[in-house]
Amino acid sequence: MAFATAATVLHADLDAFYASVEQLLDPALRRRPIAVGGGVVLAASYEARSYGVAAGMPAWRARQLCPGLAFVAGHFGDYQRLGDEVMDILGSFTPFVERVSIDEAFLDVAGALRLFGPPATIAVAIRRRVRAEVGLPLSIGVARTKHLAKVASQVAKPDGVVVVAPEAEHEFLAGLPVGLIWGVGPVMQARLAAAGIRTIGELAAAPGAALDQLLGRALGGKVAALAANVDPRQIGPARPASSMGAQAALGRRRATPELVRSTLGYLCDRVAGRLRAAQRAGRTVTVRVRFPGMRSVTRSASVAMPVCATLTLTEIATGLAAAALADHRGEHELTLLAVSVSHLVVPTMQLELPLERRPSGRPQGPGSRSTDAARWGLDRSVDAVRARFGPASVGYAAVVFSEDPRVPEAFRELAQRHPS
DNA sequence: TCTGGGGTCCTAGGACCC
DNA sequence: TCTGGGGTCCTAGGACCC
């Protein structure tokens with residue numbers, strides 16, 4: 001049998017991760033419907049899910065569905081620690097582990113069969129160890145490709161294993177809902193349902209041209225390939241990020257210049273600091289403004305010199321936000337502001353010029369080479385002080401926003417390491 | 001009572017160049 | 001007289017993922 005035709009790909013996915021950790025840490029929460037979060041549900045236990053409670057749901061709606069729901073503030077440091085412990089266990093079976101998020105990873109065990117037995121045996125052993133050593137439920141899908149393994153782990157939940165033998169793939173997929181395909185969400189699902197397509201089998205039988213019509217050319221082709229069981233993705237290290245951003249939900253606040261200025265100051269400080277820490281700068285800055293009712297607009301601008309200085313980024317972002325608001329004068333309230341930097345490059349030597357050697361004389365506008373270089377020097381000093389004495393030890397003007405955070409800083413730290 | 005934070009990818013129209 | 005096709009970049013919006 002050829003190497004590529006064996007079912008040696010595992011997808012390991014911790015069940016209701018945040019909620020399971022809370023139930024592990026506090027026995028009083030076990031077997032009860034709980035939600036992690038505050039204004040919004042970040043994660044729901046399976047007991048809560050049986051009432052219809054789901055991640056991303058506003059808290060009031062979750063309480064409506066499940067009156068006995070217990071809300072728990074997250075223990076974000078523990079999520080990181082326990083997630084790492086599980087990844088260490090996975091890594092003890094094979095070095096070919098691709099971590100996808102804090103609670104999920106692909107493994108290729110093709111080279112581990114001699115040592116640990118067939119893939120299904122390895123999956124059972126992994127689950128047993130994670131349960132015994134960490135105390136968390138883990139589901140695993142085993143198949144020939146990443147996509148199939150991922151679908152299998154979803155089918156295996158909660159707390160199970162599903163193995164898809166190569167000769168049984170077609171039969172396995174045929175009856176499953178199209179929503180299990182990676183990239184098919186609620187909108188696509190509804191669009192397909194309107195065309196009478198609900199299962200992956202029906203999708204596979206549909207003509208390619210019809211799929212392109214329904215889903216667009218790129219997704220149509222991708223979905224057809226997946227439904228037909230072609231998946232070229234290999235297990236390997238994640239690519240470096242192509243953008244970096246930060247956002248802040250504001251509740252429902254009057255769109256005052258002071259609110260916009262202070263919030264953007266906070267967000268740009270975060271983003272620019274992360275860019276510098278990663279030794280990156282970006283050519284395109286995007287600002288998103290969200291109004292009540294989840295209506296949002298974006299404004300973006302590309303600049304010649306890649307940006308990573310806090311003040312330069314703040315000036316550009318402020319201008320973009322002002323343009324967006326000027327185009328929507330009827331809006332008097334905001335619910336969110338976001339800043340993102342993309343088209344990332346490694347900063348050039350120009351930016352590393354020491355402060356005292358910068359060209360002087362003519363006044364310099366934002367984005368000009370030497371202004372950004374000078375500011376970068378200042379930023380590096382700030383970064384160094386913060387590295388020693390903490391993020392709050394030094395900074396720019398007082399940040400009003402940070403006095404009333406909607407989410408704990410620890411959650412931002414976690415989300416920035418692992419989107420979840 | 002109206003919803004977190006951090007990302008990727010795709011589409012479509014327009015500007016601009018050769 | 002005022003026409004063609006291809007490529008690239010930019011911007012805005014949106015679906016989707018964890």
Side-chain angles (χ1 to χ4, degrees), chain A residues 11 13-14 16-18 35-43 53-64 73-74 76 79 83 99-105 147 150 153-154 179-191 212 214-223 238-252 267 270-271 274 283-304 320 323-324 327-328 333 335-344 405-420:
Chain A
H11 181 252
D13 199 348
L14 288 153
F17 180 53
Y18 293 180
V36 177
V40 65
V41 176
L42 297 177
V53 177
M57 188 176 276
W60 61 265
R61 174 72 179 138
R63 287 205 178 85
Q64 203 174 49
F76 300 101
Y79 304 160
R99 190 173 189 171
V100 184
S101 67
I102 191 164
D103 59 353
E104 188 185 340
H147 180 248
K150 167 96 179 164
S153 75
Q154 303 312 300
L180 286 183
I181 293 177
W182 202 94
V184 176
V187 174
M188 295 297 170
Q189 226 171 316
R191 220 178 279 177
D212 289 357
L214 280 168
L215 307 177
R217 205 165 52 80
L219 190 58
K222 194 184 283 184
V223 160
R239 286 173 304 174
S242 70
S243 70
M244 277 190 202
Q247 66 182 58
L250 303 169
R252 198 172 167 148
L267 294 173
R270 283 191 69 89
V271 174
R274 288 174 56 207
R283 284 195 49 242
T284 303
V285 180
T286 303
V287 167
R288 186 157 69 99
V289 180
R290 197 180 70 192
F291 305 111
M294 297 302 272
R295 294 167 297 121
S296 68
V297 295
T298 61
R299 288 294 177 276
S300 67
S302 297
V303 294
L320 289 168
D327 290 342
H328 295 80
E333 290 174 317
T335 65
L336 175 139
L337 285 168
V339 176
S340 175
V341 177
S342 54
H343 289 130
L344 303 187
R406 308 272 300 174
V407 297
E409 200 68 13
F411 177 61
R412 289 182 184 275
E413 299 295 330
L414 188 67
Q416 138 188 349
R417 285 199 194 83
H418 313 280
S420 74

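Convention: sequence-line order gives letters A, B, ...; per-chain numbering from 1.
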Any pair with a residue in residues 283-296 of chain A that passes salt bridge (Lys or Arg N to Asp or Glu O under 4.0 Å), sequence neighbours left out, goes on the list, sorted by first then second residue, please. A:Arg295-A:Glu331
Shortest side-chain distance from A:Ala415, nucleotide among C:dC16, C:dC18, B:dG6: B:dG6
Rounded to whole Å, please give me the gap between CZ in A:Arg417 and C1' in C:dC18. 17 Å
Hey, is the side chain of A:Arg295 poking within less than 4.0 Å of OP1 or OP2 on C:dG13, counting only N and O atoms? no
Listing time: all N or O pairs from protein to nucleotides 9-11 of chain B that are below 3.5 Å?
from   : atom 1 : to       : atom 2 : distance (Å)
B:dC9  : OP1    : A:Arg239 : NH1    : 3.2
B:dC9  : OP1    : A:Arg239 : NH2    : 2.4
B:dT11 : OP1    : A:Arg217 : N      : 3.3
B:dT11 : OP1    : A:Ala218 : N      : 2.9

Measuring only between side-chain heavy atoms, which start at C-beta, is A:Val289 closer than 4.5 Å to A:Leu337? yes
When you get a sec, tell me which of C:dC16, B:dT8, C:dA12 is the closest nucleotide to the side chain of A:Arg299? C:dA12
Base, sugar-phosphate alone, or nothing: which one does A:Met294 contact when heavy atoms must sit under 4.0 Å apart? base
Between A:Leu336 and A:Gln64, which residue's closest nucleotide on DNA chain B lies nearer the 5′ terminus? A:Gln64
Under 4.0 angstrom, heavy atoms only, what part of the nucleic acid is A:Ala59 near: base, sugar-phosphate, or nothing? nothing
Rounded to whole Å, the CD1-C1' distance (A:Ile102 to B:dG4) equals 15 Å
When the nearest nucleotide of DNA chain B is assigned to A:Ala241 and to A:Val40 on a heavy-atom basis, which residue is associated with the more 5' position? A:Val40
When the distance from CD of A:Gln416 to P of B:dT8 is rounded to whole Å, what number comes out? 13 Å
Any A:Ser300 side-chain nitrogen or oxygen under 4.0 Å from OP1 or OP2 of C:dA12: yes
Using a cut-off of 4.0 Å on non-hydrogen atoms, how would the nucleic acid contact of A:Ala55 be classed: base, sugar-phosphate, or nothing? nothing
Nearest-neighbour nucleotide for the A:Pro186 side chain, B:dG5, C:dC16, B:dC2 considered: C:dC16
Using the side-chain heavy atoms of A:Thr298, tell me which of these nucleotides is nearest: B:dG5, C:dG13, C:dC18. C:dG13
Stems formed with participation of DNA chain B [Watson-Crick or G-U wobble, under 3.5 Å, three or more pairs]: B:5-18 with C:5-18
With a non-hydrogen cut-off below 4.0 angstrom, is A:Arg61 in contact with a base, only sugar-phosphate, or nothing? nothing
Taking for each residue the nucleotide of DNA chain C bearing the nearest heavy atom, is the 5' side occupied by A:Val184 or by A:Thr284? A:Thr284
Closest-nucleotide ordering on DNA chain C, the 5'-leading residue of A:Val297 and A:Arg283: A:Arg283
Applying a 4.0 Å non-hydrogen cut-off, can you work out what A:Glu104 is touching in the nucleic acid: base, sugar-phosphate, or nothing? sugar-phosphate
Looking across every strand, which nucleic acid part, if any, lies under 4.0 Å from A:Gly56 by heavy atom: base, sugar-phosphate, or nothing? base
Can you tell me the distance, in whole Å, between the CZ atom of A:Arg270 and the C1' atom of B:dG4? 13 Å
Measuring from atom CG of A:Leu267 to atom OG of A:Ser340, what distance do you get when rounded to the nearest 0.5 angstrom? 11.0 Å
For A:Glu333 and A:Phe291, which heavy atoms make the closest approach, and how far apart are they? O-CD2, 3.4 Å
When the distance from CD of A:Gln154 to P of C:dC17 is rounded to whole Å, what number comes out? 10 Å
Rounded to the nearest 0.5 Å, how far does CG of A:Leu320 lie from OG1 of A:Thr298? 9.5 Å
Of the candidates B:dC2, C:dC18, B:dG4, the side chain of A:Lys150 sits closest to C:dC18
Distance check needed: C:dA12 C1' versus A:His343 NE2, whole Å only. 14 Å
Return the set of residues passing side-chain contact (heavy atoms from CB on, under 4.5 Å) with A:Arg217 (not counting sequence neighbours), or none when no residue passes. A:Asp212
Under 4.0 Å between any heavy atoms, over every strand shown, what does A:Arg290 touch: base, sugar-phosphate, or nothing? Just pick one. sugar-phosphate
To the nearest Å, how far apart are A:Leu414 CG and B:dG5 P? 13 Å
Tell me what A:Pro292 touches on the nucleic acid: a base, only sugar-phosphate, or nothing, going by heavy atoms under 4.0 Å. nothing
Taken in chain and number order and not counting sequence neighbours, the residues that satisfy side-chain hydrogen bond (donor to acceptor under 3.5 Å, both in side chains) with A:Gln416 are A:Arg270
CG-CE distance between A:Leu214 and A:Met188, expressed to the nearest 0.5 angstrom: 9.5 Å
Specify whether A:Phe76 and A:Phe411 have parallel, tilted or perpendicular ring planes, treating 30° as the upper limit for parallel and 60° as the lower limit for perpendicular. tilted
Using the C1' atom as the reference point in each nucleotide, state the distance between C:dG4 and B:dC17 in Å, no decimals. 14 Å
Evaluate the side chain to side chain contact (heavy atoms under 4.5 Å, CB included) criterion for residues A:Val297 and A:Asp327: first the C-alpha distance (whole Å), next the side-chain angles of each, then the deciding distance (0.1 Å), finally the verdict. CA-CA 10 Å; A:Val297 295; A:Asp327 290 342; over 6 Å; no
Mind checking the CG-OG spacing from A:Leu14 to A:Ser101? Nearest 0.5 Å is all I need. 8.5 Å
Take atom CD1 of A:Ile181 and atom P of C:dA15, then tell me their distance rounded to the nearest Å. 19 Å
Could you pull out every donor-acceptor pair under 3.5 Å between side chains of residues 54-64 of chain A and any protein atom, sequence neighbours left out?
from    : atom 1 : to      : atom 2 : distance (Å)
A:Arg61 : NH1    : A:Gln64 : OE1    : 2.8

